[in-house]
Amino acid sequence: MATRIGALSIKELEDSFVPVLQSRINMIELKKIHAQVVKYSLSQSNFLVTKMVDVCNNGGDLEYASLLFKQVNEPNVFLYNAMIRASTNNHMYGLAISLYKRMLRDSQAENPILPDKFTLPFVIKSCAALACPFLAKQVHAHMYKFGLMSHSITENALLDMYTKCDYLNEAHKMFEEMNLRDVIAWNNLISGCAGMGQMKKARTLFDKMPYKSIVSWTAMISGYTHIGSYAEALDVFRQMQMVGIEPDEISIVSVLPACAQLGALELGKWIHMYCDKNRLLRKTCISNALIEMYMKCGCINQASQLFEQMLERDVISWSTMIGGLANHGKAQKAIQLFHEMQRAKVQPNDITFIGLLSACAHAGFWNEGLMYFDSMKKDYHIQPKIQHYGCLVDLLGRSGCLDQALNIIKKMPMNADSKIWGSLLSSCRTYSNLEIAVIAMEHLQELEPEDTGNYVLLSNIYADIGKWKDVSRLRKIIRGKSTKKTPGCSLIEVNNEVQEFVAGDDTKPFSEDIFWLLELLALHQDRTRDVLDIMPEDTGE
DNA sequence: GTAGGGTTAG
């Protein structure tokens, strides 16, 4: 006869908790239910604790889940699975793996707790997140040991893990041997190749695959964007629509950075309208990506407008605006926005500070820049990265504090890269400081010996101070350099076509007009702002 | 109950 508490059997009592545990409850409600469970002496119930751990999984409260788990003396496979799943979903990957190990260890002959098809996918996902292929190989072996070898979800998790851990050969081998090569398997391999910068391999697979889902298309778009092949990314996006697949949130967020980099304003505007029509603007990430696109295309007003209209602004929204304003020389506004961000109680991150510091550097606000740099460490506990030191060197250099800038380079915890020495060198040119320029050049010679731009800068400094012998010495070196520096270029879209501009290019049909305008701008340097102010901002014309 | 695509950066 079943044990009875009052009028109900244990099974009936357990079942009475199910409806409320399966409804969407928060952690506060869960704790009340937990109290009831304890009151009825059911805290050893694997069935109920599993359901409660699931609630913690959704609520992101893994501490409470662990507490529930620890109280159970003999957890079964369902409870282990729930704990491993919750740990993985809440980014506690190490915990997920140690739970799995404990599960295997605790398994006894008379009372075995064997992993099942719901266990391994999460364990493997945790291995992937920890970039621990060695561990995952063991799990791969367990797949055979526990008779789970042709379970496609476990197989796909392994495939994903191998590609993410850069074990592409293993991944290919596995893919070839798979019984069921579904669209997810193809996508795993494609996104793995794309993530490793192996876009040619990804393309071959993509062209070969029998059925393409929106995930396949998006993996290609983001892969191309990742390696800087922006035109290809737009191309794939267009083709996707041609075969009748409607863009969704993720594919749009993936393609917009390519529009931004190419200055493809017309497509960007079309996507904006599409999002408006499909109620996607309410998604924070979509608005963020659109703001970035408008900023990169020079449409500050459009970007600001979208930002104003947002329902919720996250750290990316603020950082994108601050960085965008900084790039357009609107330092005051960038700083103002940073203060608004503080008032809105959004925590800035390292990227926010790159925007803020570069705004200060370009505006010559060196006092403020130094203050924000200190505040970043002190108030926000953000460890400065090399880019932050770069901003600082730029800031001090542009303000003429070349000794201080050099001091920063000497004292910073990492080695300065060529960008930092280059920035210092160009500040030396501005202030005709030969002594520090020579130091910067010594490092640049090692870091990028073939870059002629640095030699040109140094020779200009010699020329500025009348050391003509040194000028001709450097000219000789420059002529002797075989490889040329890749010229920088900028892109804008005119009438639906992307135009590329390279310094000194006079092959365009409208080159004459461009050079004429540039000359005009140079002639009226002090009035440049007036000229720019009368130019249209938001049109591609 | 389990798997695949995404955003800010001198």
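Every chain is numbered from 1, with letters handed out A, B, ... down the list of sequences.
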From the set [options], return the single nucleotide nearest to any side-chain atom of [X].
| X | options | value |
| --- | --- | --- |
| A:Asn349 | B:dT8, B:dG10, B:dT2 | B:dT8 |
| A:Pro121 | B:dT2, B:dA9, B:dT7 | B:dT2 |
| A:Ile351 | B:dG6, B:dT8, B:dG5 | B:dT8 |
| A:His151 | B:dA9, B:dT2, B:dA3 | B:dT2 |
| A:Val253 | B:dA3, B:dG6, B:dG5 | B:dG6 |
| A:Ala219 | B:dG5, B:dT8, B:dT7 | B:dG5 |
| A:Gln387 | B:dG1, B:dG6, B:dA9 | B:dA9 |
| A:Pro257 | B:dG6, B:dA9, B:dT8 | B:dT8 |
| A:Asn156 | B:dA3, B:dT7, B:dG1 | B:dA3 |

Taking [atom1] from [X] and [atom2] from [N], how many angstroms apart are they, rounded to a whole number?
| X | N | atom1 | atom2 | result |
| --- | --- | --- | --- | --- |
| A:Gln22 | B:dG1 | CD | C1' | 11 Å |
| A:Ile84 | B:dG1 | CD1 | P | 17 Å |
| A:Ile252 | B:dG5 | CD1 | C1' | 13 Å |
| A:Phe206 | B:dG5 | CZ | P | 15 Å |
| A:Met310 | B:dT8 | CE | P | 14 Å |
| A:Asn89 | B:dT2 | CG | P | 9 Å |
| A:Asp116 | B:dG1 | CG | P | 13 Å |
| A:Gln261 | B:dT7 | CD | P | 12 Å |

When you measure from the centre of the six-membered ring of A:Phe118, is the NZ or CZ of A:Arg85 under 6.0 Å away and within 45° of the axis?
-> no
Test the A:Lys377-A:Phe373 pair against the cation-pi criterion, namely NZ or CZ under 6.0 angstrom from the six-membered ring centroid and within 45° of the ring axis.
-> no
Contact class for [X] (heavy atom, under 4.0 Å): base, sugar-phosphate, or nothing?
| X | value |
| --- | --- |
| A:Phe122 | sugar-phosphate |
| A:Asn327 | base |
| A:Thr320 | sugar-phosphate |
| A:Glu292 | sugar-phosphate |
| A:Ile214 | base |
| A:Asp394 | nothing |
| A:Asp350 | nothing |
| A:Glu155 | nothing |
| A:Thr352 | nothing |
| A:Asp54 | nothing |
| A:Lys51 | nothing |

B:dG5 phosphate, OP1 or OP2, under 4.0 Å from A:Ser222 side-chain N/O = no
Ignoring backbone atoms, establish whether A:Lys212 has a side-chain N or O less than 4.0 Å from OP1 or OP2 of B:dG4.
-> no
Donor on one side chain, acceptor on other, [X] and [Y], under 3.5 Å:
| X | Y | answer |
| --- | --- | --- |
| A:Ser304 | A:Asn301 | no |
| A:Tyr144 | A:His142 | no |
| A:Gln342 | A:His339 | yes |

Given the side-chain rings of A:Trp318 and A:Phe307, with only the six-membered ring counted for Trp, is the space between their centroids under 6.0 Å?
-> yes
Please check if the distance between the ring centroids of A:Trp217 and A:Phe206 is under 6.0 Å.
-> yes
Check this for me: does the side-chain of [X] come within 3.5 Å of the base of [N] through a donor and an acceptor?
| X | N | result |
| --- | --- | --- |
| A:Asp248 | B:dG5 | yes |
| A:Asn187 | B:dG4 | yes |
| A:Ser216 | B:dG5 | no |

Aromatic ring of A:Trp217 stacked on base six-ring of B:dG5, 5.5 Å, 30° | no
Is any side-chain heavy atom of A:Gln383 less than 4.5 Å from a side-chain heavy atom of A:His388?
-> no
